[in-house]
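Quick caveat: nothing in here was measured; it's all calculated off a predicted structure. Whatever order the structure lists them in is the order used to number ligands and atoms, beginning at 1. Heavy-atom basis, side chains included; hydrogens, waters and symmetry copies ignored.
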Amino acid sequence: GSGARDRLRIAIQKSGRLAEPARALLTSCGLSWRESRDRLFCYGESLPIDLLLVRDDDIPGLIRDGVCDLGVVGRNVLLEQDIAVRREREASVFRELRALGFGGCRLALAVPEGWEWRDPSQLAGKRIATSYPQILQQWLDGQGVQAGVVELSGSVEIAPKLGQADLICDLVSSGATLAANQLKPVMTLIESEAVLAGPVAAFDDARGELAELLLRRLDGVLRMRH
Ligand code: ATP
Ligand code: ZN
């Protein structure tokens, strides 16, 4: 960022699965904003904590660039971009501050229903479609398996039918989408949920105390929800 700042800026998803629960959680922490549901920016009223409404994929980068101070994002997205950053700079720039208890899902390998699944060695030489190439490649490396990673930004679940890949690595919650595409989950790579993300480096101005205040309130709210 540039210069000392006395307001905290939190990035949340503008629309999608995490948008409403993120807002509701921050409201439970006593935050309120001058309302602007359709706009990008919400000005904090009860505390100097503002919201930026963005696409979830942009949240880690906004924290990295100091445009936002904190963000609510799926662990899957944070981890994917963290691996990319670490490949580049060998150190993380953002970290998970708290798990938030909503947006639960898992990143899993799913294969055509006819496959008989035994173990990861079966993946050698196969093509795997995913929107999470970094997490998948890191996992494959850990397994010592060489497979092809086919990066797709959406509609991953139809890739086997289209002949683009032999199997997929995708987010699963109920499994209904997989079943509708004659796929079955066989292996979980990561368990995910929405998390509060922040920078590795500490704030050196008034934002530090604001972030601590927010975390104290958040811990109180999360404890009560359990
Ligand atoms: P955006 O427009 O912000 O890019 P998106 O389409 O990428 O939105 P959503 O589908 O709203 O994102 O999902 C946001 C997050 O919700 C995911 O990254 C994941 O952490 C979580 N999630 C929970 N269950 C599921 C699921 N069944 N499928 C996909 N994401 C899920
Ligand atoms: Zn997205």
Side-chain angles (χ1 to χ4, degrees), residues 9-26 36-42 50-65 67-68 70-85 92 94-111 113 128-139 149-161 165 167-198 218 222 225:
R9 196 180 289 164
I10 307 177
I12 67 171
Q13 198 184 20
K14 181 175 164 63
S15 59
R17 292 169 202 265
L18 307 182
E20 276 312 311
R23 222 178 224 264
L25 179 62
L26 295 173
S36 63
R37 184 170 286 269
D38 49 340
R39 272 190 239 143
L40 237 65
F41 190 77
C42 301
D50 307 322
L51 296 184
L52 202 67
L53 310 183
V54 298
R55 290 202 53 188
D56 65 346
D57 318 77
D58 293 338
I59 292 175
L62 289 167
I63 295 171
R64 177 188 189 171
D65 296 341
V67 175
C68 287
L70 302 173
V72 175
V73 64
R75 179 181 296 133
N76 47 297
V77 170
L78 192 68
L79 182 58
E80 176 70 14
Q81 297 195 27
D82 182 56
I83 297 170
V85 165
S92 292
F94 27 70
R95 65 192 177 106
E96 180 176 325
L97 299 173
R98 294 292 187 278
L100 301 179
F102 60 85
C105 58
R106 57 206 176 91
L107 184 66
L109 294 179
V111 303
E113 273 162 0
I128 311 174
T130 190
S131 302
Y132 296 88
Q134 303 282 349
I135 297 175
L136 175 58
Q137 189 61 60
Q138 189 176 67
W139 183 82
V149 174
V150 179
E151 184 175 356
L152 297 177
S153 57
S155 305
V156 170
E157 67 282 354
I158 64 168
K161 225 176 283 171
L167 67 149
I168 69 170
C169 170
D170 203 7
L171 297 175
V172 185
S173 44
S174 73
T177 306
L178 292 182
N181 288 283
Q182 292 83 50
L183 299 169
K184 60 178 182 186
V186 291
M187 183 100 227
T188 297
L189 274 56
I190 62 161
E191 299 281 353
S192 185
E193 65 187 283
V195 304
L196 184 72
L218 192 57
L222 293 174
R225 285 185 172 189

**Request:** Starting from atom 24 (N) of ligand 1, find the nearest protein heavy-atom neighbour and note its residue, name and distance.
**Result:** C105 CB, 3.4 Å
**Asked** Between L171 and Y132, is any pair of side-chain heavy atoms under 4.5 Å apart?
**Response** yes
**Prompt:** Starting from atom 27 (N) of ligand 1, which protein heavy atom do you reach first, and at what distance in Å?
**Reply:** S173 OG, 2.6 Å
**Request:** Please report the shortest heavy-atom distance between N76 and S192, naming the atom on each side.
**Result:** OD1-OG, 2.8 Å
**Item:** Beyond-backbone contact of M187 with V111, side-chain heavy atoms, under 4.5 angstrom
**Value:** no
**Request:** Taking all heavy atoms of L18 and all of G103, pick out the closest pair and write down the distance.
**Result:** CD2-CA, 3.9 Å
**Request:** Please list, in chain and residue-number order, the protein N/O/S atoms closer than 2.8 Å to the Zn ion (ligand 2).
**Result:** D56 OD1, D57 OD1
**Item:** V156 to I168 - nearest heavy-atom pair and separation
**Value:** O-CG2, 3.4 Å
**Fill in**
among protein heavy atoms, the one nearest atom 20 (O) of ligand 1 is N76 OD1, 2.6 Å
**Request:** Please name the pair of heavy atoms, one in G61 and one in Q81, separated by the smallest distance, quoted to 0.1 Å.
**Result:** N-OE1, 3.9 Å
**Request:** Considering only non-hydrogen protein atoms, determine which one is nearest to atom 16 (O) of ligand 1 and report residue, atom name and distance to 0.1 Å.
**Result:** R17 CD, 3.5 Å
**Asked** For the residue pair A19 and I12, what are the closest heavy atoms and their distance?
**Response** O-CD1, 4.3 Å
**Item:** Verify atom 6 (O) of ligand 1: protein non-hydrogen atom under 4.0 angstrom away
**Value:** no
**Request:** Run the numbers for me: atoms of ligand 1, each under 4.0 Å from some heavy atom of Q13, listed by number.
**Result:** 1 (P), 3 (O), 5 (P), 8 (O), 9 (P), 11 (O), 12 (O), 14 (C)
**Message:** Which of the numbered atoms in ligand 1 are under 4.0 angstrom from any heavy atom belonging to G104?
**Reply:** 23 (C), 24 (N)
**Prompt:** Between E96 (side chain) and L79 (backbone), is there a donor-acceptor pair under 3.5 Å?
**Reply:** no
**Asked** Looking only at heavy atoms, what is the nearest atom pair of A159 and L152, with distance?
**Response** CB-CD1, 3.7 Å
**Prompt:** Under 3.5 Å, is there a donor-acceptor pair between the side chain of E80 and the main chain of Q134?
**Reply:** yes
**Message:** Regarding ligand 1, does R75 bring an N or O atom to under 3.5 Å of one of the ligand's N or O atoms?
**Reply:** no
**Request:** Run the numbers for me: atoms of ligand 1, each under 4.0 Å from some heavy atom of G74, listed by number.
**Result:** 20 (O)
**Prompt:** Is it true that A194 lies under 4.0 Å from ligand 1, counting heavy atoms only?
**Reply:** no
**Request:** Give the numbers and elements of all ligand 1 atoms closer than 4.0 Å to a heavy atom of G16.
**Result:** 11 (O)
**Request:** With heavy atoms under 4.0 Å as the rule, classify the contact between V73 and ligand 1 as side chain, backbone, both or neither.
**Result:** neither
**Request:** With the side chain counted from C-beta on, respond yes when R75 and E193 share a heavy-atom pair under 4.5 Å apart, and no when they do not.
**Result:** yes
**Asked** Are side-chain heavy atoms of I83 and Q137 found at a separation under 4.5 Å?
**Response** no
**Asked** Between atom OG1 of T130 and atom CH2 of W139, what is the distance when rounded to the nearest 0.5 Å?
**Response** 12.0 Å
**Fill in**
The option among A19, G103, P21, S131 carrying the non-hydrogen atom nearest to atom 23 (C) of ligand 1 is G103
**Message:** Quick test: of every protein heavy atom, which one is nearest to atom 2 (O) of ligand 1, and how far off is it to 0.1 Å?
**Reply:** R55 NE, 3.5 Å
**Request:** Find out whether R106 and P185 are in side-chain contact, i.e. whether some heavy atom of one side chain is under 4.5 Å from a heavy atom of the other.
**Result:** yes
**Message:** How far is atom 14 (C) of ligand 1 from the closest protein heavy atom, and which atom is that?
**Reply:** D56 OD2, 3.5 Å
**Message:** Checking contacts here: is it the side chain or the backbone of L18 that comes within 4.0 Å of ligand 1, counting heavy atoms only? Could be both or neither.
**Reply:** side chain
